[in-house]
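Below is one structure, written out as structure tokens; comments come after it.
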Protein chains: 2
Amino acid sequence: MLDLGVLGERVQQLRTGRGLTLQELAERSSVSVSMLSSVERAAKAPTITVLSRIADGLGVPLTRLVAEPSPDRVIVRRAAEQEVSDHPGGWRRTILSPVVPGVNVELLRTELPPGCDAGSFPAYAPGSHEYVVVQSGTLALTVDEQRLTLGAGDSAYFAADVVHGFANPGSEPCVYHLTALIMRPRR
Amino acid sequence: MLDLGVLGERVQQLRTGRGLTLQELAERSSVSVSMLSSVERAAKAPTITVLSRIADGLGVPLTRLVAEPSPDRVIVRRAAEQEVSDHPGGWRRTILSPVVPGVNVELLRTELPPGCDAGSFPAYAPGSHEYVVVQSGTLALTVDEQRLTLGAGDSAYFAADVVHGFANPGSEPCVYHLTALIMRPRR
DNA sequence: GACGTAGTTTCTCTATAGCGAAAAGGGGGT
DNA sequence: ACCCCCTTTTCGCTATAGAGAAACTACGTC
């Protein structure tokens, strides 16, 4: 449940931190002074539309006001090897998803040795997406000339209708999960 | 500014995707049926307290409902900024997939304490599937009266149009990845 | 076709969010 | 002390969020 108290403190923190008065924030956010005062003191529960305007006035995303503090997490690395396919280059890929007619999804688990480049994959049909979740190590993801570095626990989504590649730039093995939704090319 | 229309669609998508009726969600979230209907149809703007209860009833963090979809080709979510929701019962779920309009995929990471039962989930719409990969510990997977025990590294696929549940029968914490493709029931 | 039944919408009423303005602190300066 | 700012809180009043129940809308079934 959301605590109105912490919400109020958060708003007030952001407002005073910016050196703004209730009056000034009221003008920027198009919310009345009295309402702002009530929200900060947790006297009233604003509607999302009003809270959204307040966030705009403060110049922060709405998420920032309602997000709960992120607890620290530790990615547990531990996985038994099963049926793996080793590729030239030293990396191994495990296909976890079974073959199901009519389902265009692949769930893969890939291990990249340190410094290994798994190469690039061609552009799939428009509408295809891929999700990547890095379990351990570091992954260098290249999507259409754009290069990203992901650490353990990071995830990424991208439209897979462009060339994309995977590599491990670090000195430790990299393990990541890949979910691919592949559309059929139009004919 | 927040668009009430997309908020309503998002709530409805999550509700129907879980096979819930307005009535059932009303009981889980302690929000009246009429209010839920109004929110989904963007007829009224809920207060954050009510929206927070709706999010709880859906089992998603409040952030999930108000996050603005990112139009970027590549969406990266760092480990520190992922949505974690703690449930009564002690288990914890992390939503790894970003909010992308039109894509009905949920990529989840779940941690179950020893002996914890995450409960059962309703039958989703026909055509929905789920993939499970156990990262560590032991997972007791129940699919339509059939009970399976999965160890670290094991994976399973099942059509999610039946009741299914997750529990940790072991004495160690269980961590598993779940990929869900939720079809939306035609209306 | 008539008749349930499950699900959603619409209706009515009350609690309260939200606004504008007035009142209550709170320092500084003369 | 007093007065004059600026800032925040309080005070009506109106609009609307929110609950509960009735009314509508598919559907299957006999």
Side-chain angles (χ1 to χ4, degrees), chain A residues 1-58 62 65-66, chain B residues 1-59 62 65-66 121-128 161-163 182-187:
Chain A
M1 224 352 240
L2 181 85
D3 185 359
L4 285 181
V6 302
L7 175 68
E9 289 176 12
R10 220 170 279 180
V11 171
Q12 193 169 43
Q13 187 95 27
L14 289 169
R15 177 177 64 84
T16 57
R18 265 147 240 254
L20 294 175
T21 67
L22 288 173
Q23 176 66 34
E24 291 167 330
L25 180 56
E27 293 167 0
R28 297 189 184 204
S29 58
S30 303
V31 173
S32 70
V33 172
S34 58
M35 192 59 210
L36 290 175
S37 174
S38 298
V39 170
E40 288 187 357
R41 302 171 351 92
K44 290 180 179 177
T47 56
I48 39 164
T49 55
V50 165
L51 191 62
S52 173
R53 296 210 296 272
I54 293 175
D56 286 353
L58 288 170
L62 179 53
L65 297 181
V66 298
Chain B
M1 242 327 264
L2 181 87
D3 186 358
L4 285 181
V6 304
L7 174 68
E9 290 175 12
R10 219 170 279 180
V11 170
Q12 192 170 43
Q13 171 96 30
L14 289 168
R15 177 179 65 83
T16 57
R18 284 161 170 68
L20 296 175
T21 66
L22 288 173
Q23 175 67 34
E24 291 166 330
L25 180 57
E27 293 166 0
R28 297 188 181 204
S29 58
S30 302
V31 173
S32 70
V33 172
S34 59
M35 193 58 210
L36 291 175
S37 175
S38 297
V39 170
E40 288 188 356
R41 302 167 2 87
K44 291 180 178 176
T47 55
I48 39 165
T49 56
V50 164
L51 191 63
S52 173
R53 295 210 296 271
I54 293 175
D56 286 353
L58 289 170
L62 179 53
L65 298 181
V66 299
F121 293 81
Y124 297 154
S128 302
D161 55 354
V162 293
V163 184
I182 308 299
M183 296 294 131
R184 60 179 322 169
R186 94 232 112 274
R187 4 183 331 96

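By convention in this document, chain letters (A, B, ...) are assigned in the order of the sequence lines, proteins followed by strands, and residues within each chain are numbered from 1.
- A:E24 and A:L20 get closest at one heavy-atom pair: OE1-CA, 3.3 Å.
- Separating the OG1 atom in A:T47 from the CZ atom in A:R53 is a distance of 7.0 Å, to the nearest 0.5 Å.
- Among the atoms of the strands shown, none is found under 4.0 Å from any heavy atom of A:T49.
- What separates CD of B:E40 from C1' of C:dT8 is a distance of 10 Å, to the nearest Å.
- Whole-Å rounding puts the A:L36 CG to C:dC19 P distance at 8 Å.
- Computed from coordinates, the B:K44 NZ to C:dT8 P distance equals 18 Å when rounded to whole Å.
- Between the CE atom of B:M35 and the P atom of D:dG20 there is a distance of 13 Å, given to the nearest Å.
- Taking side-chain N and O atoms only, A:R53 has no distance below 4.0 Å to OP1 or OP2 of C:dA17.
- Rounding to the nearest 0.5 angstrom, the gap separating the CG atom in A:L65 from the CG atom in A:L7 is 6.5 Å.
- In terms of modelled atom types and a separation under 3.5 Å, the side chain of A:E40 and the main chain of A:S37 share no donor-acceptor contact.
- In this entry the distance linking CG of B:L20 with P of C:dT8 reads 10 Å, nearest Å.
- The phosphate of D:dT9 has OP1 or OP2 within less than 4.0 Å of a side-chain N or O from A:S37.
- Nucleic acid contact class of B:V33 (heavy atoms, under 4.0 Å, all strands): base.
- Not a single donor-acceptor contact under 3.5 angstrom links the side-chain atoms of A:S32 to the base of C:dG18.
- Summarising the geometry, the separation between CG on A:L25 and P on D:dC6 is reported as 18 Å, rounded to the nearest angstrom.
- A straight line from CD of B:Q12 to P of C:dG7 spans 15 Å, rounded to a whole angstrom.
- When atom types are taken as modelled, the side chain of A:S38 and the backbone of A:S34 share a donor-acceptor pair closer than 3.5 angstrom.
- Contacts of B:V50 with the nucleic acid, taken as non-hydrogen atoms under 4.0 Å apart, involve only primed sugar atoms and P, OP1 or OP2.
- A:L22 places its CG atom 19 Å from the P atom of C:dA24, with the value rounded to the nearest Å.
- Phosphate contact (OP1/OP2 of C:dT8, side-chain N/O of B:R41, threshold under 4.0 Å): absent.
- Side-chain proximity of B:T47 to the nucleotides C:dG18, D:dA17, D:dT8 is greatest for D:dA17.
- Side-chain N/O atoms of A:R15 include none lying less than 4.0 angstrom from OP1 or OP2 on D:dT7.
- Residue B:S34 has its side chain nearest to D:dG20 when only D:dG20, D:dT10, D:dT8 are considered.
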